[in-house]
Amino acid sequence: MARSEDVILSARGLTKEFGGFVAVNGVDLAVRRGTIHALIGPNGAGKTTCFNLLTKFLQPTRGSIHYKGEDITARPPADIARLGLVRSFQISAVFPHLTALENVRIALQRRRGDSFDFWRSQKVLSAYDAEAAALLAEVGLAEFAHSWASDLSYGRKRALEIATTLALDPEMLLLDEPMAGMAQADVERISALIKRIAANRTILMVEHNLSVVASLSDRITVLARGQVLAEGDYAQVSADPRVVEAYIGAGHG
Amino acid sequence: MFELLGIPPQALFGQLLLGLINGSFYALLSLGLAVIFGLLNIINFAHGAQYMMGAFVAWMLLNYLGVNYWWALLLVPIAVGLFGIVIERLLISRLYHLDHLYGLLLTFGLALIIQGLFRNQYGISGLPYQIPQQLAGGQNLGFMFLPNYRGWVIVASLVVCLATWFMIEKTKLGAYLRAATENPTLVGAFGINVPRLVTLTYGFGVALAAFAGVLAAPIYSVNPNMGADLIIVVFAVVVIGGMGSILGSIITGFGLGLIEGLTRVFYPEGSAVVIFVIMAIVLLVKPAGLFGRTA
Amino acid sequence: DTAVKIGVLNDRSGIYADLAGEGSVIAARMAVEDFKAADKGIAVEIISADHQNKPDVASTIARQWYDQDGVDVILDVPTSSAALAVNEITREKNKVFINSGAGTADLTGSKCSPNTVHWTYDTWALAHGTGSAMVANGGKKWFFLTADYAFGHALERDTAEVVKAAGGEVVGTVRHPFPGTDFSSFLLQAQSSGAQVIGLANAGGDTINSIKQAAEFGITQGGQALAGLLVFITDVHALGLQTAQGLVLTESFYWDLNDQTREWSKRFSEQNGGKMPTMVQAGVYAGVLHYLKAVEATAGKDAAAIMSKMKEMPTEDPLFGKGSVRQDGRKIHDMYLFKVKTPDQSKGPWDYYDLVATIPADKAFRPLADGGCELVK
Amino acid sequence: MAVETSDPGIALATDTPSAAGMSRQHLLIFAGLLALGLVAPFVLYPVFVMKVLCFALFACAFNLLLGYGGLLSFGHAAYFGSASYVCAHAAKAWNLTPELSILLGTGTACILGIVFGSLAIRRQGIYFAMVTLAFAQMVFFFSLQAPFTGGEDGIQSVPRGRLLGLIDLSADLTLYFFVLAVVFLGLLLIYRIIHSPFGQVLKAIRENEPRAVSLGYRVNRYKLAVFVMSATLAGLAGATKAIVFQLASLTDVYWTMSGEVVLMTLLGGMGTVFGPIVGAAIIVTMQNYLATFGAWVTVIQGCIFVVGVLLFREGIVGVLSKWFKKPL
Amino acid sequence: MAKAALLEKTTPHGAHAPLLAIRDLQAWYGESHVLHGVAFDVSEGEVVTLLGRNGAGKTTTLKAIMGIMTKRSGSVMFDGRETIELPARRIARLGIGFCPEERGIFSSLSVEENLMLPPQVRPGGLSVEQIFELFPNLRERLSSQGTKLSGGEQQMLAIARILRTGARLLLLDEPTEGLAPVIVQQIGRTIMRLKQEGFTIVLVEQNFRFAASVADRHYVVEQGRVIDTIPNEEIERNINKLHAYLGV
Ligand SMILES: Nc1ncnc2c1ncn2[C@@H]1O[C@H](COP(=O)(O)OP(=O)(O)OP(=O)(O)O)[C@@H](O)[C@H]1O
Ligand SMILES: Nc1ncnc2c1ncn2[C@@H]1O[C@H](COP(=O)(O)OP(=O)(O)OP(=O)(O)O)[C@@H](O)[C@H]1O
Ligand SMILES: [Mg+2]
Ligand SMILES: [Mg+2]
């Protein structure tokens, strides 16, 4: 079992009610440092809600969240990101009327802390261009650096979102369905990318693409109806009949 | 006699009743605005002018064609609503894909034009419009003298408000309208004639304003500016109720009428600002107004 | 030869557009014609503008007229705040200002200026005219419906003083927001106060709405009298006699006073779309006439010379008769207390008033010494 | 065939910033505006040009909030008007020099901005607009009732005074150059704010707030900052106007003033640098020169709005900037 | 000509005319030209997929068929009728249903209202009961606000609502995106059943395995053109070519 200092993010008894409807119900979760942890489960199981709770986009009804030993249950969402815990969104979230490059720069800028400098020219920001361009190249968007984010196709928006998230150089990433809507080629590239960035980071991700989950994740938590149904590595989880019934389905491998 | 804060309860009832009547106008007007904003995302600044047109057209029908109040109540909303339809087709329809602020600018311009034209034709002091004979006089309720006409205002506006609410919240038509507000392209792709729906909705909202105008003609000064100052209060009502919430704007309309009425008794100087104080408080406590849905 | 430029500055789009507006310009033009200025070697040009009842707009236009457009005299300027703004600028630029439209008695009181004449009426005169006459007719208990701003307060204060001085009593006051549309709550309070007279210390649309709703609530039928402290004939026209009947008010001019006023008003109404003149428009006519006489007499347009000539010369015109301009700039003439006719009494359009009393010139306006004008030694 | 080669050498320069950190065309336009400002009082009536200047600053301050912060305030008259009242009162009742009075007025607007802003920014969209309107109505009510504001007469005959106690501002031309300097500096400051790292963050927040939060931005601080900046600059415009016209009145705090500045900004082009200046110039000119058309003024004004919206959907400068394919 | 040869190949060997025949379809987003002459056919009762990389123009093709691209040209024959000049609502009335990739669930409508929103254009759609059988999640959340559903539930709702209308040509843009494998299988079964009942389906898919399990034919889209056609039975043989197209 994991020793407690290995655990970077943990939740105890996490619960969220929406006016009577319990979307997340007493979830205990422990993510170990340096691992890729997958959160899977049927639609409506409460995965996105969990993400929202962990990143404080929603306030939990009950339960506590600890990040690096610190209780973050009462912190505002921007603080969570500043602690190095950054998320992406299930429905793609970019800044539409900024170029791809500028999208990434926004994230770089925050890390450097000159964002309140209203008296300086924005040309100081061009210092970040090279770094931003490199990040774009990593996700295969090099040639779109100067396209408006709104003009990118859906899959490319997802890639842009990942580049932006990476720009913060977070210690831990929460990725909500990073592969959704991506073409096969990109799925592979992004998988490789995730693997690469996971080298010195912790990743918690929601994903429905089972082959990705199988190949990437060290540990998997299965949610169903807001509760933890099973936990373990892919072999353990995919062998669990309850998981097969609720999620994987008989027809799958 | 038992007194409440120095006011005899009888007088208080009277004031409450009057507040409710005023609320009827707020409700009717804010309803039209809420329909137009909620469904078309247009802040219809011309609403006040269209209300004024309602009153003026009633006057014109009476003085040029001898059409009486009752017929006016029916014909004027249709006529002014048709006018709204023309405006929508010719002008507003060109703006839907823009920020709704442009709709505000356009309708503001329209309001200026309409008011200006009426001012040039009829001057500013106003025109007389008598209370229809059937409703002249009043009832002595003991605690107050209630003019029959005011009673009628309450009834008429309640009926119209509830009918509108039912149509929009409970019928298929309403669902089309609400969906079209959010994503007109997709609703069109379901086979629904969105432009026509939108046009009719605008016409309907305008007709509601005109209806309120006819109701107002016998008791308020019929002049080209009659809607201009009301509009901002009516906006406040729509917002307090929760933008896009039909029921919200109805309830808030009546409710604010009451509160304003009470303020008139206890602190008359403050009655102009009370609505805004309430609005500030409500919005700070409830982000989307009293009955609004959070996004 | 002298060329003078007259600027008629008033409300042309707001609540005072009917009682001043284009009609004032027509009146000014008629004055120039009647004076036969051209024959006397005085070339007169009239320009006009809309101040929208805003002091800042009024002051901008006045400044520009004096600085840029060579205007020598500004007339009319309804709305007290706008009038006070023009008053200051006229003083600064040393030109002439003949106010007809505004009510504030400060123009000839604490804010009085050597460059200003206040022609037609002021709040003091209205308050005293209506107040004293009503009390004299037995209306001793008063209730005030006051527009909640300085002008309303001044009207109320002045009238209340008169009422009390004449032995009456004020049983209640309610201050309504300005502008308002619904006055029923306030009227209900007035109704239950037991007052004999309800004094309307408001103006324009507020007054019209209060009278309209008073009729609806059967206030006059209930035996209470309505006293309009600032009501113009255009307001009565807008209300219709059915609604306005019985209202008591003070004005300094009525078209149907005598042959001269009737003759002039008939000419006026032909040019003004059939609408009869208001006292404000009449005041503009008389003011222009008097100004031109002073120009003729001084053979120039030096402001100081003209002002002293206007104050020295007695005034005479078909509308206000004989009168004078006082040291503090106050034009002195008779005022009249009218009562609005019933629909049966009226013989036709614009036949609205019955003369109740004439307030003689020496009683009609605030005594020279009381105003606190520094021009008064 | 994955795209493996990353090429950081791709053309990165968007537009070529000049020495001042401005793009060349913006520098040219600013120079042109300054030249125009220097010549204008000798051609046009200086007081009128000063009015245009004050409103241009007001509209640009407003646009900073709307066009760049994405926040529609419907109560900017509160800052404009309260600054104007305080400045007028300071100059008239306390006999302060004009620059101190203006500073006091501007400071008042800043404080009001902090108070109202910190409450209002918690709301979004139309609700934000209405909260600001509500606050502005309260300021209006206060101004109507407070003893020092002179009710609906306003504070009249405010002395223009001596700048720094030395330079007499009573001559229109002297005052003019003072006002030109104030306004121009204000405009440059706004320009800089827009094109700063801070401005870039604002843009991001406007585009997608949750995403900005998830990147660790405390968005409310940015919103408050831009709100206060906008309110303060609006106050600067209002205070300057009080000195120019020697008058502070209810018009300055009434909701129609808040509406007017929205109109100026939209007509000129919201979210453009120069649009609000154009919008302000047009509307002020209209009010000035149409005043003689009497009752037709509103009809003409209305037609201009309608035609403006239909022909120049993104505002006049917005459309121009599309034509030239350059942000203006 | 290569193009003619391609068309030759894409026309199914069946005797009767195709239900949907597209020729030289071009479309623009404002100034940017996205479709450069798409051409393909779909016969009644067939399921075809459009495969291609991100940004190839698959979504745009569906939108152009549906008539919700503002600028388009070429020819789209549906059931023997030219629809290129028709507005979207008329096209929908001919019996085409569209499920967009961003789902388009209405937040101001409840789940039930969302479901019942599209008017029935033809008899023969699924009944509400059948829909609940297919997507049991929806039944439980009927009265909640549409956008309060989870991502996957929204996807189900988006598909469900056009099944009701009786449209006989369904344009589904990535219907399995973000769905749990069980549901994906269920949707696969649904598509097969719809096919049996005579529905015609054009499917845009990234999930190639899924596509292979339901479709009769695959069209490969690249840079706004259909560059190849692969019948499903030949898919194994062409797997390398396909991988090259999709850049796997
Ligand atoms: N704001 C909300 N109000 C009410 N119910 C909500 C809200 N957000 C989510 N829910 C409900 O909570 C449940 C869990 O939703 P969640 O988005 O977490 O699911 P998920 O596991 O991410 O599913 P998917 O894989 O489909 O994205 C769903 O049934 C959803 O309808
Ligand atoms: N609204 C838009 N404005 C301008 N260009 C657009 C717009 N939407 C898409 N495009 C461009 O059109 C091209 C085709 O996009 P489309 O959405 O059809 O691709 P797709 O094949 O569906 O890709 P994906 O698999 O990512 O959904 C892309 O290059 C994209 O950048
Ligand atoms: Mg989810
Ligand atoms: Mg797509």
Side-chain angles (χ1 to χ4, degrees), chain B residues 37 41 43 45-46 49 90-92 94-95 97-117 119-120 123-124 224 228-229 232-233 235-236 238-240 242-244 269-270 272-284 286-289 292 295, chain D residues 66 70 72 74-75 116 119-120 122-142 144-145 254-256 258-260 262-267 270-271 279 293-315 318:
Chain B
F37 181 87
N41 249 324
I43 300 178
F45 227 97
L90 288 183
L91 304 172
I92 299 177
R94 294 161 200 269
L95 300 179
H97 56 288
L98 298 178
D99 191 308
H100 58 236
L101 280 179
Y102 290 94
L104 183 137
L105 187 60
L106 182 91
T107 49
F108 183 78
L110 283 176
L112 287 183
I113 296 175
I114 298 172
Q115 278 163 14
L117 289 177
R119 192 145 49 208
N120 285 338
I124 196 74
D229 278 312
I232 202 87
V233 174
F235 267 124
V238 176
V239 166
I240 296 174
M243 218 82 214
E269 292 89 339
V273 85
V274 66
I275 287 187
F276 297 98
V277 174
I278 291 178
M279 178 162 81
I281 296 171
V282 165
L283 290 187
L284 291 177
K286 290 213 69 179
Chain D
L66 172 64
L72 168 66
F74 208 79
F116 292 167
L119 292 168
R122 298 198 255 146
R123 297 294 165 254
Q124 265 137 30
I126 193 80
Y127 297 106
F128 173 85
M130 293 313 268
V131 173
T132 50
L133 170 68
F135 288 137
Q137 286 296 99
M138 292 174 206
V139 171
F140 172 77
F141 188 63
F142 175 81
L144 188 65
Q145 303 285 338
Y254 198 45
W255 67 265
T256 48
S258 302
E260 224 158 72
V262 180
L263 295 178
M264 289 174 183
T265 309
L266 289 182
L267 197 61
M270 78 168 174
F293 283 88
W296 286 101
V297 177
T298 49
V299 179
I300 299 172
Q301 260 187 358
C303 291
I304 290 177
F305 287 142
V306 170
V307 172
V309 179
L310 292 178
L311 290 188
F312 303 99
R313 298 182 170 193
E314 278 125 282

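This structure is a prediction, so every number in the text was calculated from the model and none was measured. Only this structure's heavy atoms are used, side chains among them; waters, hydrogens and symmetry mates stay out. In what follows, chains are A, B, ... by sequence order, proteins preceding strands, each numbered from 1.
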Checklist entry - Can you name the nearest heavy-atom pair linking B:I232 to D:F74, along with the distance? => result CD1-CE2, 4.0 Å

Item to check | Region of B:V282 in contact with chain D, defined by heavy-atom distances below 4.5 Å | outcome: neither

Item to check | Engaged part of B:I114 at the chain D interface, taking heavy atoms whose separation is under 4.5 Å | outcome: neither

Next on the checklist: So which residue, D:C303, D:G315, D:A120, D:A134, ends up with the most heavy-atom pairs under 4.5 Å with chain B?
Outcome noted: D:A134

Checklist entry - Between D:L263, D:V262, D:V131, which residue shows the highest count of heavy-atom pairs closer than 4.5 Å to chain B? => result D:L263

Next on the checklist: Run the ring pair (Phe, Tyr, Trp, His ring centres under 6.0 Å) test against B:F235 and tell me which residues pass, sequence neighbours left out.
Outcome noted: B:F45

Checklist entry - What part of B:I43 lies closer than 4.5 angstrom to a heavy atom of chain D: side chain, backbone, both or neither? => result side chain

Checklist entry - Quick one: what part of B:V273 sits under 4.5 Å from any heavy atom of chain D, side chain, backbone, both or neither? => result side chain

Item to check | Any B:F276 side-chain heavy atom under 4.5 Å of D:L133 side chain | outcome: yes

Checklist entry - D:M130 and B:M279: which non-hydrogen atoms are nearest, and at how many Å? => result O-CE, 2.9 Å

Next on the checklist: Test side-chain contact (heavy atoms from CB on, under 4.5 Å) on B:L112 and D:I300; report intermediate values, then the result.
Outcome noted: CA-CA 9 Å; B:L112 287 183; D:I300 299 172; over 6 Å; no

Checklist outcome for this item: Minimal heavy-atom distance between D:V309 and B:Y102, with the atoms involved, is CG1-O, 3.9 Å

Next on the checklist: If I measure from the heavy atoms of chain D, does B:A49 come under 4.5 Å with its side chain, its backbone, both, or neither?
Outcome noted: neither

Item to check | Minimal non-hydrogen separation, B:I113 against D:V299, with atom names | outcome: CG1-O, 3.8 Å

Checklist entry - For D:L72, is it the side chain, the backbone, both, or neither that has a heavy atom closer than 4.5 Å to a heavy atom of chain B? => result side chain

Checklist entry - Which region of D:L119, side chain (C-beta onward) or backbone (N, CA, C, O), has a non-hydrogen atom less than 4.5 Å from a non-hydrogen atom of chain B, or is it both or neither? => result both

Checklist entry - Any idea which of D:M270, D:Q124, D:R122 has the most non-hydrogen atom pairs under 4.5 angstrom with chain B? => result D:M270

Next on the checklist: Is D:I304 in contact with chain B via its backbone, its side chain, both, or neither, using a 4.5 Å heavy-atom distance?
Outcome noted: neither

Item to check | Residue D:F128 versus chain B: region with a heavy atom under 4.5 Å | outcome: neither

Next on the checklist: Please give me the minimum heavy-atom distance between D:F135 and B:L284, naming the atom from each residue.
Outcome noted: CZ-CD1, 4.2 Å

Item to check | Residues forming a ring pair (Phe, Tyr, Trp, His ring centres under 6.0 Å) with D:Y254, sequence neighbours excluded | outcome: D:F140

Next on the checklist: Taking the side chain as everything from C-beta on, heavy atoms only, tell me whether D:L310 gets closer than 4.5 Å to B:R94.
Outcome noted: yes

Next on the checklist: Looking at every non-hydrogen atom in both residues, tell me the closest pair between D:M138 and B:A280 and how far apart they are.
Outcome noted: CE-CB, 3.7 Å

